[in-house]
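Computed from a predicted structure; not experimentally measured. Residue numbering restarts at 1 for every chain, and letters A, B, ... go by the order of the sequence lines.
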Protein chains: 2
Amino acid sequence: MQELIRQSSLFKDVGSDVFAQVLETCIPRSVEEDGFFFMQGDAASHAFVLLEGRVKMLQITPNGQQITLRILTPGQTYGGIAILNPLEGYPATAQAMENSTALAWDTAHLRKLAEMEPSISLNAMQLMHAYITELQERQKALVTDRVEQRIARILMKLASQYGKKVEEGVLINFPLTRKDIAEMSGTTLFTVSRTLKEWERQGMVKIGREKVCICKPHGLVSLADDLVRR
Amino acid sequence: MQELIRQSSLFKDVGSDVFAQVLETCIPRSVEEDGFFFMQGDAASHAFVLLEGRVKMLQITPNGQQITLRILTPGQTYGGIAILNPLEGYPATAQAMENSTALAWDTAHLRKLAEMEPSISLNAMQLMHAYITELQERQKALVTDRVEQRIARILMKLASQYGKKVEEGVLINFPLTRKDIAEMSGTTLFTVSRTLKEWERQGMVKIGREKVCICKPHGLVSLADDLVRR
DNA sequence: TTTTTAACTTGCGCCAGCGCAAAGACAAAA
DNA sequence: TTTTGTCTTTGCGCTGGCGCAAGTTAAAAA
């Protein structure tokens with residue numbers, strides 16, 4: 001566990017003396033499947049490092065539609081804005097996709113730690129920067145790419161994050177519904193279903209209930225980069 | 001000028017001793033209309049505070065299409081990621097929309113300043129956080145709103161940023177082409193043109209060449225929030 | 001095993017918005 | 001004043017993708 005925190009994006013490169021304080025000031029927090037670590041708009045009082053499980057960052061629109069922003073795996077940081085004024089609200093909701101455990105630090109401790117060890121601030125900024133880049137990429141995709149390309153891109157990304165080599169190709173190694181994919185790529189589950197079926201016909205993927213396996217990654221990449229149109 | 005830096009989002013709340021160093025370490029930088037402060041992907045070597053002019057942050061897609069991310073006014077900070085490892089590339093391009101002047105600080109000085117004065121780091125994070133929130137809002141809009149709503153929202157935002165009261169209503173006080181609006185709202189200049197004309201027919205706006213004046217702000221808000229469909 | 005629940009597929013109709021082309025309207029330069 | 005370049009409008013055709021409804025499959029619960 002210490003190992004995981006040491007490698008976490010927020011506390012990497014922290015000197016061992018300060019690191020001891022990091023360990024002292026954390027609060028463990030467990031949330032079961034479909035529960036929430038925090039909701040969009042809540043006062044940003046804690047930053048989290050995920051220890052085990054999977055957590056989905058999402059937004060909910062006024063009319064109830066969901067947008068999935070990202071899926072987190074152990075070692076990743078979320079709610080990092082807590083280092084700022086806790087009057088800021090979290091910009092998104094963090095929901096556990098399975099029983100999950102995380103460590104939490106509150107604003108006061110975070111700031112104290114950051115003052116002792118500037119690299120914590122830099123790490124937090126690095127995190128935010130990475131996220132900004134990702135959001136911009138996604139925005140670009142939403143504006144310029146067809147739905148098909150966006151789905152291809154999401155699958156490639158999930159595969160690189162959760163891919164597991166099996167005999168038929170690369171399996172995305174956790175239950176993933178058509179609706180999940182739709183919420184990540186900004187479309188509907190119907191369109192996702194149709195697209196995946198078409199790809200299966202072409203032998204590019206193999207699909208099942210809550211399961212996607214990529215047989216021809218190269219074909220998907222071509223699609224994502226718009227090198228080929230169907 | 002000092003006043004402007006004092007109030008700038010990056011250096012506000014900086015103690016007067018460190019502030020003196022802020023002033024010492026800056027480099028003035030002028031760029032004329034259509035010129036660039038930096039391009040997406042360039043090594044992020046400097047952070048800027050705009051003194052005068054207007055600067056557009058944009059992305060260019062592989063096929064040449066532009067996406068406008070935001071428009072900056074004097075006092076605003078851009079290129080703030082320079083505080084991180086300069087190996088990071090700027091996530092977007094900064095182009096002057098008119099002759100513009102800014103002050104720049106390089107990574108080395110920024111870091112030194114941030115170490116002396118933690119509030120600089122906090123300010124930088126605050127900036128990034130505000131930007132993240134904005135990007136998420138925009139992503140939500142792209143996924144869930146109709147083009148009409150998105151245009152309405154962009155106009156409201158521009159009006160709140162640059163609005164000038166005139167007799168007919170609130171004028172967006174700088175030359176703004178249909179193409180500009182399209183790049184901000186993720187659509188085409190044709191659709192923008194049609195939409196604005198329709199709104200003019202309804203008396204909601206008054207438009208001219210590179211000019212938009214909002215006569216019934218309330219009507220636009222209703223549209224943006226989808227309280228009414230045409 | 002049967003039942004229930006949730007995920008998925010598929011056909012069909014529809015329309016918002018795109019893309020193009022051609023023409024019109026300004027503004028600045030010559 | 002005329003010219004030139006840029007910005008804008010508008011008609012027309014087209015289609016990607018949405019939305020719904022009805023049916024199918026598969027897993028989980030009873």
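Atom CD1 in Ile207(A) sits roughly 13 Å away from atom C1' in dT25(D) (whole-Å rounding). In this structure, CD of Glu200(A) is placed 14 Å from C1' of dT25(D), rounded to the nearest angstrom. Here the P atom of nucleotide dT25(D) and the CD atom of Glu210(A) are 18 Å apart, to the nearest Å. The interatomic distance linking Gln149(A) (CD) with dG17(D) (C1') rounds to 14 Å, in whole Å. Summarising the geometry, the separation between CG on Leu189(A) and P on dA6(C) is reported as 15 Å, rounded to the nearest angstrom. Here the C1' atom of nucleotide dC18(C) and the CD atom of Glu183(B) are 16 Å apart, to the nearest Å. We find that NZ of Lys211(A) is positioned 17 Å from C1' of dT9(C), with the value rounded to whole Å. Between Lys197(A) atom NZ and dG11(C) atom C1' there is a gap of 14 Å when expressed in whole angstrom units.
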Tell me which donor-acceptor pairs under 3.5 Å the side chains of residues 207-223 of chain A have, and how far apart each pair is, sequence neighbours excluded?
unit_1, atom_1, unit_2, atom_2, d
Ser222(A), OG, His218(A), O, 3.1

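Residue-to-nucleotide contacts include no donor-acceptor pair under 3.5 Å from the side chain of Arg209(B) to the base of dA27(C). No donor-acceptor contact under 3.5 Å links the side chain of Arg194(A) to the base of dG16(D).
Minimum atom distance to the side chain of Thr187(A) is reached by dC18(D), of the listed dC18(D), dG17(C), dT9(C). Of the candidates dA7(C), dC20(C), dC18(C), dC20(C) carries the atom nearest the Phe190(B) side chain, counting heavy atoms from C-beta on. For Thr177(B), the side-chain atoms get nearest to dT8(D) when compared with the rest of dT8(D), dG17(D), dC18(D). In the set dG17(D), dT10(C), dC8(C), the nucleotide with an atom closest to the side chain of Thr191(A) is dG17(D). Nearest nucleotide to the side chain of Thr188(A), out of dC18(D), dT9(C), dG17(C): dC18(D).
Close to dT10(C), at under 4.0 Å from its OP1 or OP2, lies a side-chain N or O of Arg201(A). Between dT9(D) and Ser193(B), a contact under 4.0 Å exists linking OP1 or OP2 to a side-chain N or O.
At a threshold of 4.0 angstrom between heavy atoms, the contacts of Arg178(A) are confined to the sugar-phosphate backbone, with no base atom among them.
Neither side chain, Ser8(A) nor Thr77(A), offers a donor N or O lying under 3.5 Å from an acceptor on the other.
Ion pair Glu198(A)/Arg194(A) not flagged as a salt bridge, since none of the NZ, NE, NH1 or NH2 atoms sits closer than 4.0 Å to an Asp/Glu carboxylate oxygen. Taking the charged nitrogens against the carboxylate oxygens, Glu137(B) and Lys157(B) have no contact shorter than 4.0 Å, which rules out a salt bridge.
Under the 6.0 Å distance and 45° angle rule, Arg54(A) counts as a cation-pi partner of Phe174(A).
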